[in-house]
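Please read the structure below before turning to the comments.
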Number of protein chains: 2
Amino acid sequence: MSSLRILRQNDTPVASAPADGVVCQAARGCSGCLVRHLAVCAALPVSKAHAMEALADDTRLKAGEALVREGEARRGVFTVTKGALRRIRLLPDGRRLVAGFLMPGDFIGFSGTSHYKHTIEAITDSTLCEFSMADMRSLCHDHPELERELLERACVELDATRGNLMALARLNPMERLAGFLVDMAQRRRRQGQDDTEVILPMTRTDIADYLGLTVETVSRSFTRLRQEGSIATDDPHHVRLLDRTRLDALAEARA
Amino acid sequence: MSSLRILRQNDTPVASAPADGVVCQAARGCSGCLVRHLAVCAALPVSKAHAMEALADDTRLKAGEALVREGEARRGVFTVTKGALRRIRLLPDGRRLVAGFLMPGDFIGFSGTSHYKHTIEAITDSTLCEFSMADMRSLCHDHPELERELLERACVELDATRGNLMALARLNPMERLAGFLVDMAQRRRRQGQDDTEVILPMTRTDIADYLGLTVETVSRSFTRLRQEGSIATDDPHHVRLLDRTRLDALAEARA
DNA sequence: CGGCCGGTTGAGCTCGGTCAAAGGTTGTGG
DNA sequence: CCACAACCTTTGACCGAGCTCAACCGGCCG
């Protein structure tokens, strides 16, 4: 199927699409989530995953706390197990970019530089599982399948990021917002949840800085989508997608 | 140094920064450039590279021809050896995005999907070296170092793409253009060339669609940079960077 | 109870887009 | 070798989508 899955011998991983809201079924409730998760996806024997997971450290963050800060030396890699985080970059004059949102199952650590290029902050209380660089290095040495899985994931992330380029370069506010909502819904479906409603843990300001707009424009776009009946917002953080056809049409361009 | 270089055992590759304008010194003039290039970077014995390179196919394109088209089934991966290409995406209504420019040394093939998401067209006459999926798969099986190198490169590309997000979301035309010129200059320096001038093989329209602007705005921004003495343009495709400090200040934000 | 934060809405303005035109260059065919 | 067409670039005049500024509302917390 997927491109750099060309690199994979076994094309039928044990569980590539976890149907669980946390990380994946094998990882539920354990602290060795990264290893387990990647191991399962890469079709490693679970026994190996067990052996590895002793290395994992749990990291807990309260809403608003930073996991890592732009400019810091890289200290490890992470997978999100609970909560939601934002990857942000700030300009000296205050302009702000949200380069992405990180949700359960997401891997943090793809970068070609030795220092973090973004600050990563918890939006809500979150837990992650952390691996030091050294542990990661030895894990990858012992289990080349992990590297393959990481490459696969990096490619998927690259595709997604390129999709955002189109949104920022050429789409109008309604199209950007519709695309964002559809993305959030897809995320839910991939986790086996109802994809006719989405939960937005982030603020309107976060969404604006993610979509390259102002809060006001985001708010107005929500209002317009509500007025035309495409969505309903019970409260600002809970959106029901009423007219999926319309939203898909608006979002057509993205990704 | 770099993040997922954590995944590399040997941290001193034979030649990680090729000082040659084509691909890298070991690859000069041979058709097995991808293998050679990656092999050298991953510190493989050259003998192995020789054995592999028989698999490589040369692909030649005239200016304007497409290498691959959006929607086509993925047929292989490539490295650019000569010329310049653009990665584009077109919306039904004619809106156009240039998601990136591909220059000698660049690898084409990072994607998590089975079909191409972008059309890739030659800007000038170009040559690439092509590997079928099957060959790529077996190469990676025989030489895990390749996979490591690919992951490293994917991460670098992800960083670069995230940098573009900031430009598209929050920078004004002057800042975007300055950032673009500085990027192009960096590319040249990385190849050991004079970085006080850059050659822009692409048209103003390509630059506009890359920076999320219109041709007119791009042209006006060039004019303003010229008027303030930051650059000189002998002809539209040759730009001399006169005031690097000013350009860097404008570009500060990107990447 | 009051201050603060987040969200929404309105009014007006500005930056970058749109439309139009002209000059330059390249390539082609007579 | 020249004439002409097609394309690329630049510049000007105008316009409007989205930004700025401001006000208001509601919920939350001290």
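First the proteins, then the strands, lettered A, B, ... as listed; each starts at 1.
- One interatomic measurement links the two molecules: CG of B:Leu177 to C1' of C:dG16, which rounds to 14 Å at whole-angstrom precision.
- Using a 3.5 Å distance cut-off with no hydrogens or angles, the side chains of A:Thr233 and A:Arg226 do pair a donor with an acceptor.
- No option in A:Arg153, A:Arg87, A:Arg187 other than A:Arg187 meets the side chain to side chain donor-acceptor pair (under 3.5 Å) test with A:Asp106.
- Between A:Leu200 atom CG and C:dG7 atom P there is a gap of 10 Å when expressed in whole angstrom units.
- Computed from coordinates, the B:Leu168 CG to C:dG16 P distance equals 14 Å when rounded to whole Å.
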Practice item. Summarise protein proximity over nucleotides 11-30 of chain D in one line of letters, 5' to 3': B for base, S for sugar-phosphate only, - for none, counting protein heavy atoms closer than 4.0 Å. Key: BBB----SSBB---------

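- We find that CZ of A:Phe222 is positioned 16 Å from P of C:dG6, with the value rounded to whole Å.
- When rounded to the nearest whole Å, the span between CD1 of A:Ile231 and C1' of C:dT8 equals 13 Å.
- Taking atom NE2 of residue B:His238 and atom P of nucleotide C:dT25, one finds them 15 Å apart after rounding to whole Å.
- Enclosure of atom CZ in A:Arg75 by more than 12 non-hydrogen atoms of other residues, nucleotides or ligands within 6.0 angstrom is indicated.
- A:Thr205 pairs in a side-chain contact (heavy atoms from CB on, under 4.5 Å) with only one of the listed residues (A:Val218, A:Val215, A:Thr214), which is A:Val215.
- In this structure B:Glu175 satisfies the side chain to side chain contact (heavy atoms under 4.5 Å, CB included) test together with A:Arg95, B:Leu171, B:Asn172, B:Leu250, sequence neighbours excluded.
- With rounding to whole Å, B:Met174 atom CE is found 17 Å from C:dT14 atom C1'.
- Protein atom NE2 of A:His237 is 15 Å distant from nucleotide atom P of C:dC5, rounded to whole Å.
- Using a 4.5 Å cut-off on side-chain heavy atoms (C-beta onward), B:Asp125 and B:Lys82 make no contact.
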